[in-house]
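Have a look at the structure below before the remarks.
For clarity, every value in this text was computed on a predicted model and none was experimentally measured. Naming: A, B, ... by sequence-line order, numbering from 1 per chain. Note that these values count all heavy atoms, side chains included, but never hydrogens, waters or copies made by symmetry.
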Amino acid sequence: MERITVRLPDGSAREYAQGVSLAQIARDAGRSDALVAKANGTLRDLRATLDQDASVELLTFDQPEGREVYWHSSAHLLAQAVKALFPEAKLAIGPPIDDGFYYDIDIGRPFGPEDLERIEARMRELAKRDQPIERVEIPRDEAITMYRQMGEKYKLELLEEIPDARVSFYRQDGFMDMCRGPHLPQTGAIKAIKLLSTSGAYWRGDEHREMLSRIYGITFPRQEQLDEFVHQLEEAKRRDHRRLGKELKLFAFADELGQGLPLWLPRGAMVRRIMENYIVDLELTRGYQHVYTPDLAALKLYKISGHWDYFRESMYPPMQVDGEELVLKPMVCPHHIMIYKQEQRSYRDLPVRIAELGRMYRYERSGTLTGLHRVRSMTLNDAHIFCRPDQVKQEFAAVVNLIQEVYQEFRISDYRLDLSLHDPKDRQYYHQDEELWMTAESLLREALDELRLTSNLVVGGANFYGPKLDVQVRTAAGKVESLSTVQIDFLLPRRFELEYIAEDGKAHRPVIIHRAIISTMERMMAFLIEHFAGDFPLWLAPEQARILPIADRHLEYARQVRDRLAREGLRVEVDQSNERISYKVRQGQIERVPYMLIVGDKEAQSGQVAVRSRASGDLGPMPLDQFLNRIRQEVTSKS
RNA sequence: GCCGCCGUAGCUCAGUGGUAGAGCGCCGCACUUGUAAUGCGGGGGUCAUCGGUUCGAAUCCGAUCGGCGGCUCCA
């Protein structure tokens, strides 16, 4: 028998007989926690054997790839349990996801909560039996025959697309599932199991095809990890902007008003006004010109831009007035283009940066509406930069710098950049001028390189008119959404026949950079609520300080303090309720007021206030001016 | 839009076919209070809406509206 050499990442090497299993190697390395292995860069089952020299990396639940395999096997376990309880069930697909796994299944009826409990219980039983999970390869024809007999029509459809002569299956305890693998060595590795939810999901993500039942679940090697996960879910719920928005009276919805149409309550409107003033003032210092454009526009505007062709379904239907067809403004760019076209532009004028807090109305499908994240009426921090081709890179860089500056002030550091390019194979959505795409995309890439930014490439993520860079953040519910965006557009200038007169005296075509820094006010508000978990920093807090009189006889002094602070531009209220001080403090804490100023006999006599901070509690008495200095500094530094 | 779950007082929720409940909030009275809940009393619901089954419906069935979790979509 030949000998082979196995090298481990720590540099150690060991000789084995040919045909040694990766599980054996894991045992010898004392790595009982290994779930799967990477041999010469390829992921393999631990049950797999080696017949030549290899460098082997043993992966555990702590590595993303190990977790993926763990959850993938968990999905198989789920399918096995479902098949045991519902033999007529037809299986579709069951992949791992960021947090757990799901399996799409067709049992001709939906799964109810009781079903989930039964399935979960069965999964535990099956895991406890600790059956080996084995890979088997069978000829494709055999697989087809088998699935045909079983009536597994979804598996058959998948099988049809596999060109290989042999297909791999994984078998555990009599249950077989077609799968590329790899998988855990045995089902017993799956310890803590929880099925989370069910939902409908279209077969192959196509809304014209069968609706399957999807079961989501999560598993862990240890119960404590599951408990921790559940705990985190609960914590996330407490940050949820919909909950805090209601509790803190920031915004609301009303059935009578309509779906997806938010009401900004006084406290939320205050935060919004601060955000708006902040961004508009900042943009004015960066050469943007702020404008206003109407909420209605002639449909032909969007026919020219092309948006009508692409987004008709999500625009409110046209209304006929005086022989004109009007739509609610679904987006701002054509309006700003009209402003650009108001004058003949010289190359010396460029770039022209037109900005607006643009209110838009989009008919989002009812099932997609979620709190302030997805609404039907929204106001975008929009701007369009009209520039010469040679200015694109520098303008793009300026926008990215602005984004970074703003994020620093909002204390946002957890985000990802997505670079979205067009997919040349998608001839339906993207215009066919490949040269235009090449130009736009290489400009974007070069600019990113020069900024030394790394981004995540999304092929096919571009707009119909051009590529873009999005700043992606995560919501409390764990979903990724874009906050900021910068988009390069060579197409709309052409469609609208935009021009500027260049040095050569001839008309040239400008480029448009579409950009949004703080997103829509709705989305930004939702994000900030969750980001700060309701504790807005002083500069954003709707109520910055509240004065709490100890007894009714201190009300007058309390009002004096309030008036003084209000004249200094602070947002401040007096708690006039007939309650004990500890109750008022509790109320103030619950309502997330950054500062509480307690005033009683001592303070009234000495002209002081006893300061309590939301974050650090009682700070003791201080003269009013000292308090003012403190918070002025805090507002300026946005801390 | 599609699939599932849900809808009881301002809020959070209990109430599985037999006369609508609790806590908090709100209003009133008393206490005049020193850093996370003072006590007592009161008002408040056509049980989302409409229709059906039943002697009788918050409860069972259907439709509609709205919310939640997904799918699809997201200029």
Practice problem: Taking the six-membered ring for Trp and the full ring for Phe, Tyr or His, determine whether the centres of A:His384 and A:Tyr340 are under 6.0 Å apart. | Solution: no

Practice problem: Could you tell me which nucleotide pairs with B:A57 by Watson-Crick or G-U wobble geometry, both distances under 3.5 Å, or answer none if nothing does? | Solution: none

Quiz item: Which whole-number value in Å describes the distance from A:Met331 CE to B:C74 C1'?
Solution: 12 Å

Quiz item: Which ones in residues 234-251 of chain A lie close to RNA chain B, meaning a heavy atom under 4.0 Å from one of its atoms?
Solution: A:Arg242, A:Lys246

Practice problem: Could you let me know what B:G45 is paired to, Watson-Crick or G-U wobble, both distances under 3.5 Å, or none if it's on its own? | Solution: none

Quiz item: Within a reach of under 6.0 Å around CZ of A:Arg416, are more than 12 heavy atoms found that belong to other residues, nucleotides or ligands?
Solution: yes

Exercise. Identify whether any heavy atom of A:Phe311 sits under 4.0 Å from a base atom; if not, whether one sits that close to sugar-phosphate; answer base, sugar-phosphate or nothing.
Key: base

Exercise. Mark yes or no for whether A:Tyr154, through its side chain, and A:Ile93, through its backbone, hold a donor-acceptor pair below 3.5 Å.
Key: no

Self-check item: Nearest-Å distance once atom P is located in both B:C5 and B:A75
Solution: 32 Å

Practice problem: Just call it for A:Ser314: base, sugar-phosphate, or nothing, with non-hydrogen atoms closer than 4.0 Å on any strand. | Solution: base

Practice problem: Give the rounded distance in Å between these two atoms: NE2 of A:His208 and C1' of B:C73. | Solution: 11 Å

Quiz item: Does the gap between the ring centers of A:Phe464 and A:His307 come in under 6.0 Å?
Solution: yes

Exercise. Hey, could you give me the OH/CD1 distance between A:Tyr102 and A:Ile97, rounded to the nearest 0.5 Å?
Key: 7.5 Å

Exercise. Quickly work out the A:Ile215 CD1 to B:C71 C1' distance and round it to whole Å.
Key: 15 Å

Practice problem: Please give the nucleotide sitting opposite B:G17 as a Watson-Crick or G-U wobble pair, both distances under 3.5 Å, or none. | Solution: none

Exercise. Measure the acute angle between the ring planes of A:His431 and A:Trp437, then classify it against the limits of 30° and 60° as parallel, tilted or perpendicular.
Key: parallel

Quiz item: With both distances under 3.5 Å as the test, what is the Watson-Crick or G-U wobble partner of B:A22?
Solution: B:U12

Self-check item: Whole-Å P distance, B:A22 and B:C68
Solution: 30 Å

Quiz prompt | Distance, rounded to the nearest Å, where A:Leu257 contributes CG and B:G67 contributes P | solution = 11 Å

Quiz item: If pairing requires Watson-Crick or G-U wobble contacts with both distances under 3.5 Å, which nucleotide is the partner of B:G4?
Solution: B:C68

Self-check item: is_close_aromatic(A:Phe251, A:His241), centroid dist under 6.0 Å
Solution: yes

Quiz item: With rounding to whole Å, what would you report as the distance between B:C31 and B:U8 at their C1' atoms?
Solution: 36 Å

Practice problem: Just name whichever nucleotide pairs with B:C29, Watson-Crick or G-U, keeping both distances under 3.5 Å, else none. | Solution: B:G39

Quiz prompt | More than 12 heavy atoms from other groups under 6.0 Å of CD on A:Glu161 | solution = yes

Practice problem: Pick the C1' atom in B:U49 and in B:G42, then give their distance to the nearest Å. | Solution: 31 Å

Quiz item: Taking the C1' atom of each, how far is B:A57 from B:C29, in whole Å?
Solution: 41 Å

Quiz item: Quick one: on RNA chain B, does A:Tyr465 or A:Glu207 contact a more 5' nucleotide (nearest heavy atom)?
Solution: A:Glu207

Practice problem: Could you check how far NZ of A:Lys584 sits from C1' of B:C31, rounded to whole Å? | Solution: 13 Å

Quiz item: Are more than 12 heavy atoms from other residues, nucleotides or ligands located less than 6.0 Å from atom CZ of A:Arg427?
Solution: no

Quiz prompt | Spacing of the C1' atoms in B:G1 and B:G44 (rounded, Å) | solution = 39 Å

Quiz item: Taking atom types as modelled and ignoring hydrogens, do the side chains of A:Lys329 and A:Thr293 form a donor-acceptor contact shorter than 3.5 angstrom?
Solution: yes

Exercise. Using atom CG of A:Leu233 as one end and atom P of B:G69 as the other, report the distance to the nearest whole Å.
Key: 12 Å

Practice problem: State whether a side-chain donor-acceptor pair under 3.5 Å links A:Ser577 with A:Asp575. | Solution: yes

Quiz item: If you measure from the C1' atom in B:C2 to the same atom in B:A20, how many Å do you get, rounded?
Solution: 37 Å

Quiz item: Taking the side chain of A:Gln259 as heavy atoms from C-beta outward, which of B:G70, B:A75, B:G67 is closest to it?
Solution: B:G67

Quiz item: Separation of A:Arg362 atom CZ from B:G1 atom C1', in whole Å?
Solution: 18 Å

Check: protein-nucleotides 2-9 of chain B nitrogen or oxygen pairs below 3.5 Å:
unit_1 : atom_1 : unit_2   : atom_2 : d
B:C2   : O4'    : A:Tyr202 : OH     : 3.4
B:C2   : O2     : A:Tyr202 : OH     : 3.4
B:C3   : O2     : A:Gly200 : N      : 2.9

Quiz prompt | Atom pair CG/CD of A:Asp106 and A:Glu210 - distance to nearest 0.5 Å | solution = 7.0 Å

Quiz item: So what does A:Phe464 hit on the nucleic acid, given a heavy-atom distance under 4.0 Å: a base, only sugar-phosphate, or nothing?
Solution: nothing

Quiz item: Can you find an N or O donor on one side and an acceptor on the other, under 3.5 Å apart, linking the side chain of A:Arg204 with the base of B:C71?
Solution: no

Quiz item: Is atom CD of A:Gln232 surrounded by more than 12 heavy atoms (other residues, nucleotides or ligands) closer than 6.0 Å?
Solution: yes

Practice problem: Would you mind building the protein contact string for nucleotides 32-46 of chain B? One character per nucleotide, 5' to 3', B for base within reach (heavy atoms under 4.0 Å), S for sugar-phosphate only, - for untouched. | Solution: BBBBBBB--------

Practice problem: Could you check A:Lys249, A:Arg267, A:Arg562 and say which one makes a salt bridge (Lys or Arg N to Asp or Glu O under 4.0 Å) with A:Glu543? | Solution: A:Arg267

Quiz item: P atom, B:A30 versus B:G69: distance in rounded Å?
Solution: 48 Å

Exercise. Answer with base, sugar-phosphate or nothing: what part of the nucleic acid does A:Tyr102 contact at a heavy-atom distance below 4.0 Å?
Key: nothing

